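Structure first, commentary second.
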Amino acid sequence: MKPSLGRKLINAPYIVWSAIFIVVPLFIVLYYTFSDGNGGFTLQNLYALKDYKGVFLTSIIYAAVASLICLLLAYPFSYLLTKSSIRSQKMMILLVMMPMWMNLLIKTYSWTVILDNSGVLNRLLSLIGIGKVHFMGTPFAVILGMVYDFIPYMILPIYTTMSKIDKSFYEASADLGANASTTLRRVVLPLSKPSVISGITMVFVPSVSTFYISQKLGNGMILLAGDVIENQFKIPNYPLGAAMSLVLMVFILISMTIMNRFSDDNDGGVIV
C-alpha cells in the first residue's frame, strides 16, 4: 500500500531535517577522514589513530564505570520509588528531572566549586579533622561528573518500565511462595531488562564522547577521546579529528547493536 500524499507531507520536514543535520554531516566526516587536506584520498588519518589507543581505552573504561555506577544507583532507587505513594513518586521524579533542565556546562562547573582544593567539600573535611583531599584532576572527579550529569537517563527508563509492571505479577509471585528478593530477581529483573539496556546506552554514549567534563573536573590532566577530537578541530587538523570522530561513532554503533541484541531475546515472559 503506497503512502498517501498527506503522510508524505507530514514526513517531509523530518526527512529534510535528517538529511541536513544527520546525513550531510556524516558525509562531511567521511570526506575529511579519507582526505589528505588537499582533496586527495588517503588512509593515513586512520593509521595515525594508533597513537591514540590509550585515549580510546581510557574513554571506554571511564564510560563503562560511570554506566555501571549509574545502574547500581538507579535500579534500586527506581524499584523503591515504584513502591512509594503516587505523590512521592511525582515529587522524586521532578527532583530527578530538574538537573536536566540546567545547562550541562553550569552543572559541571558547579562541581569545581565543590571539589576544588579550597571548595565546599574540602572545607567540610577540614572542619571534621580529616584535612584537605585533592579531588580535581583525578579519575574520581571525572567519573563523578559523568554520573551526576547522566544518571537521570538511567533512572527514567528503568522507573517508567517498573511502574508499568502489572501488579498481578507480584501477586502471582507471592502466591507461588516467592519472597521479595526472589520476586525482584525472577519477575522484575526480566521485565525491566530492556529498560536497563536502554539506560546503559543512554549513559554510555554521552560519557564515552564527552569532553567538557574531563576538561573542567580533570584539570586538563585526563585526556579522553572527546578532548582529542576538540583539540584537533581547534588546531585545525580536520582530517585527524574527523577520523577520530568516525572511529568513535562506529564503536558507539557497535556497542548499541550488541546491547540491543541482549534486549531482543526478552519477550516479557515471567518465570517464577
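Just so you know, residue 1 is the first one in the sequence shown, and it goes up from there. The structure displayed is predicted, hence computed values, not measured ones.
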Give the intermediate values and the outcome of side chain to side chain contact (heavy atoms under 4.5 Å, CB included) for residues D36 and Q44. CA-CA 8 Å; D36 60 2; Q44 187 59 40; over 6 Å; no
Partners passing side chain to side chain donor-acceptor pair (under 3.5 Å) against Q89 (at least two apart in sequence or in another chain): Y159
Identify the heavy atoms of S214 and I222 that sit nearest to each other, and give their distance. CB-O, 4.0 Å
Among the clusters formed by ILVMFWY side chains lying less than 4.5 Å apart, do M136 and I106 turn up in the same one? no
Rounded to the nearest 0.5 Å, the OH atom of Y79 sits from the OG atom of S163 at a distance of 13.5 Å
Verify, without hydrogens or angle tests, whether N179 (side chain) and T182 (backbone) share a donor-acceptor contact under 3.5 angstrom. yes
With a 3.5 Å cut-off and no angle check, do the side chains of S88 and S85 form a donor-acceptor pair? yes
Ignoring hydrogens and angles, tell me if any N or O in the side chain of N45 forms a donor-acceptor pair with the backbone of S35 under 3.5 Å. yes
Begin with the C-alpha distance, continue with both residues' side-chain angles, and end with the deciding distance and a verdict on side chain to side chain contact (heavy atoms under 4.5 Å, CB included) for T112 and N219. CA-CA 10 Å; T112 64; N219 260 356; over 6 Å; no
L30 reachable from L43 in the ILVMFWY side-chain graph, under 4.5 Å edges: yes
Can you tell me how the ring of F21 sits relative to the ring of W17, calling it parallel under 30°, perpendicular over 60° and tilted otherwise? tilted
Shared-cluster residues of I235, by chain and number - hydrophobic side chains joined below 4.5 Å: none
Contact between F211 and V228 at the side-chain level, heavy atoms closer than 4.5 Å - yes or no? no
On a heavy-atom basis, which atom in L223 and which in N231 lie closest, and how many Å separate them? CD1-ND2, 4.3 Å
Report yes if the side chains of L144 and I69 come closer than 4.5 Å at any heavy-atom pair, otherwise no. no
Side chain to side chain contact (heavy atoms under 4.5 Å, CB included) between D116 and F135, intermediate numbers included: CA-CA 7 Å; D116 193 68; F135 293 109; over 6 Å; no
If hydrophobic clusters are built from ILVMFWY residues whose side chains come within less than 4.5 Å, do I254 and V55 share one? yes
In the single-linkage hydrophobic clustering (I, L, V, M, F, W, Y; side-chain heavy atoms under 4.5 Å), do M100 and I155 co-cluster? yes
Would you mind reporting whether T210 and I213 have side-chain heavy atoms less than 4.5 Å apart? yes
The test is salt bridge (Lys or Arg N to Asp or Glu O under 4.0 Å); show your working for K167 and E171 and say whether it passes. CA-CA 7 Å; K167 297 298 185 292; E171 297 171 359; over 6 Å; no
Shortest non-hydrogen contact from L224 toward T58: CD2-CG2, 3.7 Å
Is the count of non-hydrogen atoms from other residues, nucleotides or ligands lying under 6.0 Å from M91 atom CE greater than 12? no
Straight-line distance of C70 SG to I151 CD1, nearest 0.5 Å: 4.5 Å
Do any N or O atoms from the side chain of S84 and from the backbone of L80 form a donor-acceptor pair under 3.5 angstrom? yes
Quick check for you: to the nearest 0.5 Å, what is the distance between M162 atom CE and L81 atom CG? 10.0 Å
Look up atom CG in L71 and atom OG in S78, then write down how far apart they are to the nearest 0.5 Å. 9.5 Å
Inter-residue atom distance M146.CE - S67.OG, 0.5 Å rounding: 9.0 Å
Should F34 and V29 be marked as a side chain to side chain contact (heavy atoms under 4.5 Å, CB included) after you check the CA-CA gap, both sets of side-chain angles, and the distance that decides it? CA-CA 9 Å; F34 298 102; V29 170; over 6 Å; no
Other residues, nucleotides and ligands only: do more than 12 of their heavy atoms fall within 6.0 Å of CE on M221? no
Contact between M97 and P152 at the side-chain level, heavy atoms closer than 4.5 Å - yes or no? no
Does F41 have more than 12 heavy atoms from other residues, nucleotides or ligands lying within 6.0 Å of its CZ? yes
Search all heavy atoms of S245 against all heavy atoms of I229 and return the closest pair with its distance. OG-CG2, 3.4 Å
Should we say atom OH of Y238 is surrounded by more than 12 heavy atoms from elsewhere, each under 6.0 Å from it? no
Should the heavy atoms of other residues, nucleotides or ligands under 6.0 Å from OH of Y32 be counted, would the total exceed 12? no
Minimum heavy-atom distance T183-S173, with the two atoms named: OG1-OG, 2.7 Å
Just checking, K83 and Y170: is the charged tip under 6.0 Å from the six-membered ring centre and within 45° of the axis? yes
Do L73 and L184 sit in one hydrophobic cluster, given that two such residues count as connected whenever their side-chain heavy atoms are within less than 4.5 Å of each other, even indirectly? yes
Got a second to check how far L105's CG is from Q215's CD, nearest 0.5 Å? 10.0 Å
Which class fits the ring pair W111 and Y148: parallel under 30°, tilted 30 to 60°, perpendicular over 60°? perpendicular
Mind checking whether Y62 and S207 have side chains closer than 4.5 Å, heavy atoms only? no
Is M244 close to F233 at the side-chain level, that is, under 4.5 Å between some pair of heavy atoms? no
I want to check something: taking the side chain as every heavy atom from C-beta on, are E230 and Y212 in contact at a cut-off of under 4.5 Å? no
Does H134 offer a backbone N or O that forms a donor-acceptor pair with the side chain of T138 under 3.5 Å? no
Quick one: does N237's side chain get under 4.5 Å of P239's, heavy atoms only? yes
Donor-acceptor under 3.5 Å (N117 side chain, N122 main chain): no
Under a side-chain separation threshold of 4.5 Å, the hydrophobic residues clustered together with L68 are L72
Donor-acceptor check, side chain of S198 to backbone of P194, threshold 3.5 angstrom: yes or no? no
Of the non-hydrogen atoms in K132 and S126, which two are nearest, and what is the gap between them? CG-OG, 3.7 Å
